[in-house]
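Protein chains get the first letters and strands the later ones, always in sequence-line order, with residue 1 at the start of each. Note that these values count all heavy atoms, side chains included, but never hydrogens, waters or copies made by symmetry.
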Amino acid sequence: MSVEKLIFEKGAPGRHSDVLPAMDVPEQPLDDLLPAEFQRATPAALPEVSEIEVVRHYTHLSQRNFGVDVGFYPLGSCTMKYNPKINEETASMPGFARIHPLASESMTQGAIQLLYELERYIAEITGMQRVTLQPAAGAHGEITGLMIIKAYHESRGDIHRDIVLIPDGAHGTNPASATLANYQTVELKSDKRGGVDVAHLKEMLAKYEGKIAALMMTNPNTLGVFDERIVEIAQLVHDAGGQLYYDGANANAIMGITRPGDMGFDVVHLNLHKTMSTPHGGGGPGAGPIGVAKHLVPFLPGPLPAHGREGYYWQDAGPQSIGRVRANFGNFLVLVRAYTYIRSNGPDGLRHISESAVLNANYLMQALKSDYLLPYDRTCMHEFVLSADRQKALGVSALDIAKRILDFGMYPPTIYFPLIVHEALMIEPTETETLETLDEFIAVMRQIAREAREEPSLLLDAPHVTVVGRLDQTLAARKPDLCWRPDVRAGRPAEVAETANTR
Amino acid sequence: MSVEKLIFEKGAPGRHSDVLPAMDVPEQPLDDLLPAEFQRATPAALPEVSEIEVVRHYTHLSQRNFGVDVGFYPLGSCTMKYNPKINEETASMPGFARIHPLASESMTQGAIQLLYELERYIAEITGMQRVTLQPAAGAHGEITGLMIIKAYHESRGDIHRDIVLIPDGAHGTNPASATLANYQTVELKSDKRGGVDVAHLKEMLAKYEGKIAALMMTNPNTLGVFDERIVEIAQLVHDAGGQLYYDGANANAIMGITRPGDMGFDVVHLNLHKTMSTPHGGGGPGAGPIGVAKHLVPFLPGPLPAHGREGYYWQDAGPQSIGRVRANFGNFLVLVRAYTYIRSNGPDGLRHISESAVLNANYLMQALKSDYLLPYDRTCMHEFVLSADRQKALGVSALDIAKRILDFGMYPPTIYFPLIVHEALMIEPTETETLETLDEFIAVMRQIAREAREEPSLLLDAPHVTVVGRLDQTLAARKPDLCWRPDVRAGRPAEVAETANTR
Amino acid sequence: MSYVPNTVAEQEAMLREVGATSIEDLLAPIPAEVRLKRPLDLPPALGEPDVRRLLMALAEQNADLDHYPSFLGAGSYDHVIPSVVPQLFKRSEFYTSYTPYQPELSQGMLQAIYEFQTMVCELTEMEVANASLYDGSTSVVEATLMAVGPSGRGEVVVSRALDPQYRATLKVYAWARGFTLREVGLEDGATSLTALQEAITPDTKAVIVQHPNFFGSLEDMRAIEKVTHASKALLIVAITEPASLGVIAPPGAYNADIVAAEGQSLGSPMGYGGPALGLFATRSELVRRAPGRLVGKTVDNRGQTGYVLTLQTREQHIRRERATSNICTNQSLLALAATIYLASLGKQGFQAMARQCLQKAHHAQQRIAEIPGFSPLFSRPFFDEFAMATPLPAEQINAALRDRSIIGGYELARDYPEFGDALLFCVTEHRTRDEIETLATALEEITGSAE
Amino acid sequence: MSYVPNTVAEQEAMLREVGATSIEDLLAPIPAEVRLKRPLDLPPALGEPDVRRLLMALAEQNADLDHYPSFLGAGSYDHVIPSVVPQLFKRSEFYTSYTPYQPELSQGMLQAIYEFQTMVCELTEMEVANASLYDGSTSVVEATLMAVGPSGRGEVVVSRALDPQYRATLKVYAWARGFTLREVGLEDGATSLTALQEAITPDTKAVIVQHPNFFGSLEDMRAIEKVTHASKALLIVAITEPASLGVIAPPGAYNADIVAAEGQSLGSPMGYGGPALGLFATRSELVRRAPGRLVGKTVDNRGQTGYVLTLQTREQHIRRERATSNICTNQSLLALAATIYLASLGKQGFQAMARQCLQKAHHAQQRIAEIPGFSPLFSRPFFDEFAMATPLPAEQINAALRDRSIIGGYELARDYPEFGDALLFCVTEHRTRDEIETLATALEEITGSAE
Ligand SMILES: Cc1ncc(COP(=O)(O)O)c(C=O)c1O
Ligand SMILES: Cc1ncc(COP(=O)(O)O)c(C=O)c1O
């Protein structure tokens, strides 16, 4: 596949599509409507291309992209599973896609009902009392949850709790969110089995007595390991006056099997773009609703969907609510997909999903642990983390392995996360992969392990068959080029492209 | 891109998707409803695959296919131009896509109105009196038109007209259709300028006096040349008692400029999947409506859309109608696209399309005639035909050139048609290609001409970068393998695939 | 004008390049006397949003099946289409491609058609299938023409239980091509075996029977086959409802020679009857007489498997007036839809779907038969369609159903006056029990039997 | 269960392979006391067609913009979306991909985002733009947090003409992060310059003004900029209606420091308010303080151009608690939609679209102003939204419009009781003159001024 120019390098002055409606009102002089000082001086230098050019360009770009529909995508912690097509269909229905958030409740009964029911489904799945659907993604759920915890402590006059405990294996959004909520973070060590080091936890609880606002955890954690001491941990944190936050990015392992609420968590976010299989869209949109235990309900953002004699309506937040965390009601069309997914699978289906996710992960883990170091060698849940340490000794890194995987038409695992594993390869196959695909991945990983021993240059120079070779990240960061410069557009587009391509 | 197995080679016994509704009526024993002798003994051995397997498989197949959305497609006589996306949108509206052809007229007013108006638009564009929208493609239009001509002659007791004259450059469907209507075909020679050899025509008219049913022509013809003597030709045929049939596959050259009706044609078909840009779908569906002059209207197939005091309705065919040429009303969703296209472009737009198609073709022709033989060196209309005779002398054929073009990410021209040009390369760029694309094609063709001289093996072994190399057509025809055999499916799918791949 | 990319300035430069001063120069070969001297008399161009509005307004004047539960079949069937089907077959690499003349760049479509051919063979238990024909009616025509052969002469016997539109189509072609059609009458809503036996002569080239027939009834295909093959005629089986093949014996099982079917049921939108999907299957030994495109498996010069259009010497572009058929453009995209549909339902699902049709249709028939004045018109087994005598004129009942936003059955008297007031109902797996109940209740109200 | 491909038999084989006898073995680490001992209390699974019916029934209870002409804006805008936009951005290679961590296999999305960043810079005349944030409201939050900096302290001045929902959102974050918000009042529907001047203190980190503001009015941005930059505060411009940038002066032209906008207007379906598209642009020198993903151009080891996520040391996955923001998942797919949208409209089209909005909105305003009792609430220039005082309570008017299947304007008193009975109307290029006339006539009827 040859290089695809930028859209700005295509087209010619004056090219355009006819995508506007008729201008059917009498036209008034521009200056009469808009005094000169408010007018834009020069039009934005957007592309000047015809419709066929737009279509071919973005079709070509799509051909230069890889999604779950194209192949295996075992990106750990990201739960890249099959995104059912029916969800795309329902989310495209005009009665969902083309409705105004501020239209009156009587004109949006179906939307409110859907959200009302979805809230209850998520509450049931997580074992929480109520749920806000506002957060746009996991990280947004985290900060929302932490603000609720903050409001809770404040409401009790418990105003010195400014510390959030976070295990060392946690996702980066957890500490970042804590900072955002003005908390200090204290890192908790993991024990040898990959769980929270309870001794260390106790130590920290003692050290910061009266100052612990919360513990943020994901369980199964980012090693794919279920922390068996969760009840004890919860008890300890609660006893110390702290709240328990559950990062539900890994909930694909537990649906119908166990619930954060039952483990003792007070706040939970779910990544619907993971567990509920709403597509990740190349980086978003997602949805990160949070559920809370009963004592935190008054602090939830509002409004919340409600049902009364007159039908469904939006209930304003009460006096203790933190307020809203974004405009409108959440990533509604993502929520429609999640609703569709839950209704399609039902209770047994959701449990079967989680069980199958766990089985697939264990199957891969058992098969790969002879060729790669498995630092925590125990039954995993939906994912597991290998280390490329042995390969590193041969001079190839997790990055090299990842790049080599690309040559086999597969996306590589997440690498260098969690931070507590050297040269981490974090593998999450998900439940929607066939046995054949798992076996193929095993074969690829074994071959790569062999190559690392016998022909490491194959890895070091990888990828070989992708549309571009290994890209220079350092250069990108050192001399950031974040935006095509209109001023170099003066020349003939083709020439400019050449220049651009070799600078 | 690696080999893609057949869908039958994927999956495993018992795999499936849940795409059925609930079985919500009380179930009765099968034998009570369907006596055993009517029952199927063994279920059809359809694939047993999960949804993700279906999605990936057909996504992969799409990646192994090339369409106008991917690149330049100058297939002469096929008018592969941009298929506007709005047409896909309108054709997908449930009020068009999900309506039953036998629902009452009161329930399908919009559909009948659309067809009523479309009939009139096509009549205006072609200069004919009325139009039937029934034919499913060009060839279907041809046989329909010839049957109308037959009925016309018969109605006048003129029953000895069993000959149809067809120029030697005509498309294969013309003689095939004539046979189907029980006519004998007589081939008309072309003159040196590429038009109908009028002397030969006169000779044939004299030879077959009283026996000529019709002359079938396309104008511009398949050389892309407009036959200037059309009025004279029409006069001659009419004087001989024959009818003139216009194969409108090449109408992209003439919209708003000239009309078959005004040239003297009695019957015209249009390929909406060419001129009106309805997508060709990898081989269909198309739509080949035919328009007829006033004297032929009584013979049109019925029913025809009509409008009266109660709204739109289907008017039954009259007593002289040939009857219907298919079930229902035509390829309706294709007609919706054509209607959308005509409304989007309007009269000026349609003319601009044809003018631009002509300009693009002449631009390419001028640029290429130094490297390739141009047998009819005169202004062309929407397409032109080169000959690879010069290259043939160097040992490479039109086929080799076509295969080499594939390596540049373009579809090749039509080859070996029309039959009157040796080693024909029939090039139709269409109006929707940009100047840059035309220039790119010129560069490719020049490079290939150079390669033919300097490195012919590059052509002889082409294509090089496609998912498969040059395919063995002879083997395919000699040992036809038209169907995957279920009996070899016994083994493990992977093994079977291997076997299949190496036979 | 929006789809022409090049600007006026660019076109002027191009004109200069070709040595013309204006487009008029290039149009010079067109004699003045045939030039159109005025703009086409068509409505002016509309921008995209205005076109969308216009078309939406037209579309919404039609009763779409999402909002009007339909009990109408008679050749077009409302089956569930899995969401994956449109989302995949509408990928633009497929739908914006032409007939795969250059196989190396069209492997996707070719392989899909090869899979399609295989699936059609599986469904019908025939040996070869082609890449599609226009629709069921013209597929029956092609089958008949194939049976009649190059002479175009002879006799063809056709059951009166063949879809009336198909019979009408066949009649036109029979007249044009020059063969004789003999219609065989009915007995209890199926082809009369005695009449059939009488109709067959030494000149009979083919016998055409629809199964399930137009009334939804199952024919005695084994008996028909015997009678047909007792002479040298070919047995052509027409199928309008291929969903039936999930549960009833396929044509291959009773030795059919040619199967000519309508494939709309298999994943294509109903679309007011078109585009539809002509299925065509036959025995291997007849393949060189078959119409239409065929995709075959072969190898490339690197030893890899690939797919090509094959046996093209049958076709018009090679054989011209001696071609087996004039077909060129066919219905590939719908064949692709059918392929994806059948892959999605799969072995189990296709069978389960057919069984649902059977069960729901029988449930509906039994329920309607309970309503005073409604009684089964025939006693033969059926799949998902059944004819009921009605206590009021069929049009009157349908009009009243229409007022309740229900699409009623087919008014048989339109084509079979001999049956008097009768409706042919269709109930597929897509109808729910509730909808059936709504229909039955409505019929009770309309005919005054509701309490 | 349908999306799990492996069968029971296969799963059993896999269990054997891992040395387990049942899935229970693998779940053993989960203590019994936290195990759910009953099935989840959720409705049972539905097959695909039943799900489709259910969702369609819910969808059809909502007033969609195809059937209810809307004069409601207030943060969500009904612009025409060209047909190519959804057909391209819904290609599954895009929407089923993750954040492009492995750039070599994600060049399509990366290049598109690079184009997006460029287009946002073009629209705003700013120097850098990021790969998107959640929506306009959180983009304003991020901009504010960036201005406030790592300390999290200080004061931020915000105009009362900033969207009320945005102000509400900001308030929560201000409380949590620990900075102070000062609201500046209005004068003739725009930020009061005197009040602004008074509100700014040496501690002011940023001034936030929406433009066009919530009432559709244009602010005196040059004056505001002067006042703001007279102190060391950053000027944050919030935009909810980026279509305005086709005709009004962009933030770069009046020296804004950060632009935080809602991009839904640019090709995304309104979707009941989400997913929306947070746009974020700033000056080059501030880029290392900016939140969110950034795509940069680079070269590969073969010398070819390519695109990667860059400057990641600002981000949570590297910098953790010291990151500039906690954002991870953003709104890439909508950024892609916006990119395709802007490419489709192009330089001319985008400007023409904005001018249509301007013209149609003014036509509507003038028409409504002719109706007795309706008068413009403010006298400032506006783009496509304008506030009108109404002769009857706004809710009463809206209810009556609703009965006529029209979505009326925003009831200002919901957030601005000080303005009494008033409606904020929005008229984009998508409204036709007929629809405007229908609205006006309805208003006449409702308020009794129709003759
Ligand atoms: C464990 C974990 N927590 C939190 C997040 C953040 O979720 P989001 O990307 O939706 O903000 C992720 C996503 O990558 C995650 O894997
Ligand atoms: C000149 C000409 N005539 C007739 C036809 C037949 O049209 P169709 O393929 O629609 O049957 C074609 C199409 O290839 C053609 O190019």
Side chain to side chain contact (heavy atoms under 4.5 Å, CB included) between I23(D) and L359(A), intermediate numbers included: CA-CA 7 Å; I23(D) 297 263; L359(A) 175 56; 3.9 Å; yes
Would you please test E104(D) and R470(A) for salt bridge (Lys or Arg N to Asp or Glu O under 4.0 Å) and show each step? CA-CA 7 Å; E104(D) 296 85 359; R470(A) 202 181 292 200; 5.5 Å; no
Show your reasoning for whether side chain to side chain donor-acceptor pair (under 3.5 Å) applies to R324(A) and Q165(D). CA-CA 8 Å; R324(A) 62 163 60 247; Q165(D) 297 202 69; 3.0 Å; yes
Worked verdict on F96(A) versus L55(D) for side chain to side chain contact (heavy atoms under 4.5 Å, CB included): CA-CA 9 Å; F96(A) 294 137; L55(D) 272 289; 3.7 Å; yes
Please evaluate residues Y363(A) and E17(D) with respect to the criterion side chain to side chain contact (heavy atoms under 4.5 Å, CB included), reporting the C-alpha separation (whole Å), side-chain torsions for both, the decisive distance (0.1 Å), and the verdict. CA-CA 7 Å; Y363(A) 181 80; E17(D) 198 71 37; 3.5 Å; yes
Salt bridge (Lys or Arg N to Asp or Glu O under 4.0 Å) evaluation trace for R35(D) with D262(A): CA-CA 8 Å; R35(D) 296 288 289 271; D262(A) 300 338; over 6 Å; no
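Of the atoms belonging to A111(A), heavy atoms from both backbone and side chain fall under 4.5 Å from chain D. The part of V84(D) that comes within reach of chain A is its side chain, from C-beta onward, which places non-hydrogen atoms under 4.5 angstrom from that chain. For chain A, the nearby parts of P29(D) are the backbone and the side chain; heavy atoms of each come within less than 4.5 Å. Residue contact with chain A, scored on non-hydrogen atoms closer than 4.5 Å, is absent for K171(D). For R402(D), the parts lying near chain A are the backbone and the side chain together; criterion is any non-hydrogen pair under 4.5 Å. Proximity to chain A is limited to the side chain of R222(D), based on heavy atoms less than 4.5 angstrom apart. Heavy atoms of L180(A) lying under 4.5 Å from chain D belong to its backbone as well as its side chain. Heavy atoms of T96(D) lying under 4.5 Å from chain A belong to its backbone as well as its side chain. Residue A57(D): no heavy atom, backbone or side chain, is found under 4.5 Å from chain A. For E315(D), no part sits under 4.5 Å from any heavy atom of chain A, backbone or side chain. Both the backbone and the side chain of L105(D) have a heavy atom closer than 4.5 Å to some heavy atom of chain A. Contact annotation for L245(D): both backbone and side-chain heavy atoms come within less than 4.5 Å of a heavy atom of chain A. Interface residue R378(A): only side-chain heavy atoms are found under 4.5 Å from chain D. Proximity to chain D (any heavy atom under 4.5 Å) is restricted, for V231(A), to the side chain, taken from C-beta onward. In this structure, chain A has heavy atoms under 4.5 Å from both the backbone and the side chain of Y98(D). Only the backbone of S325(D) comes within contact range of chain A, with heavy atoms under 4.5 Å apart. For chain A, the nearby parts of Q11(D) are the backbone and the side chain; heavy atoms of each come within less than 4.5 Å. With a 4.5 Å cut-off on non-hydrogen atoms, A253(D) does not touch chain A at all.
Interface remark: of the candidates L27(D), L123(D), L26(D), N398(D), L26(D) forms the most heavy-atom pairs closer than 4.5 Å to chain A. Note on P279(A), G282(A), S356(A), A137(A): by heavy-atom pairs under 4.5 Å with chain D, the leading option is G282(A). Of the listed residues E48(D), Q111(D), E33(D), K360(D), the one with more heavy-atom pairs under 4.5 angstrom with chain A than any other is Q111(D).
Closest approach of A276(D) and R326(A) over heavy atoms only: CB-NH2, 4.3 Å. Summarising the geometry of L20(A) relative to A352(D), their closest heavy-atom pair is CD1-CB, 3.5 Å, with the distance given to 0.1 Å.
Remark: E88(A) does not engage K90(D) in a salt bridge, criterion side-chain N to carboxylate O under 4.0 Å. Between R98(A) and D78(D) a salt bridge is recorded (basic side-chain N to carboxylate O distance below 4.0 Å).
Looking only at distances, no side-chain donor or acceptor of D69(A) sits under 3.5 Å from a matching main-chain atom of S92(D). Proximity of a side-chain donor or acceptor of E122(D) to a complementary backbone N or O of A45(A) within less than 3.5 Å is detected.
For the residue pair Y58(A) / E115(D), a side-chain donor-acceptor distance below 3.5 Å is found, with atom types taken as modelled. For the residue pair S97(D) / Y411(A), no side-chain donor-acceptor distance below 3.5 Å is found, with atom types taken as modelled. When only modelled atom types and interatomic distance are considered, T108(A) and N62(D) share no side-chain donor-acceptor pair under 3.5 Å. For the residue pair N326(D)/E142(A), the side-chain donor-acceptor check at 3.5 Å is not satisfied. In this structure, a donor-acceptor pair under 3.5 Å is absent between the side chains of S344(D) and E51(A).
The shortest distance between side-chain heavy atoms of C328(D) and H171(A) falls below 4.5 Å. By the 4.5 Å heavy-atom criterion applied to side chains, P103(D) and Q473(A) are counted as neighbours. Between L406(A) and Q102(D) the shortest side-chain heavy-atom distance falls below 4.5 Å. Between P412(A) and Y101(D) there is no side-chain heavy-atom pair separated by less than 4.5 Å. Between L88(D) and L61(A) there is no side-chain heavy-atom pair separated by less than 4.5 Å. Contact check for L42(D) versus R343(A): no side-chain heavy atoms found under the 4.5 Å cut-off. Inter-residue side-chain proximity for E429(D) and P21(A) is flagged as met; some heavy-atom pair is nearer than 4.5 Å. Looking only at side-chain heavy atoms (C-beta outward), L40(D) and R351(A) stay at 4.5 Å or farther from each other.
Of the inter-residue distances, the one linking T305(D) atom OG1 with D481(A) atom CG reads 9.5 Å to the nearest 0.5 angstrom. Residue N301(D) holds its CG atom at 9.5 Å from CG of D472(A), rounded to the nearest 0.5 Å. Residue T118(D) holds its OG1 atom at 7.0 Å from CG of L6(A), rounded to the nearest 0.5 Å. One finds the CG atom of L33(A) at 5.0 Å from the CG atom of L358(D) (value rounded to the nearest 0.5 Å).
Taking the centre of each ring, Y134(D) and H140(A) come in below the 6.0 Å mark.
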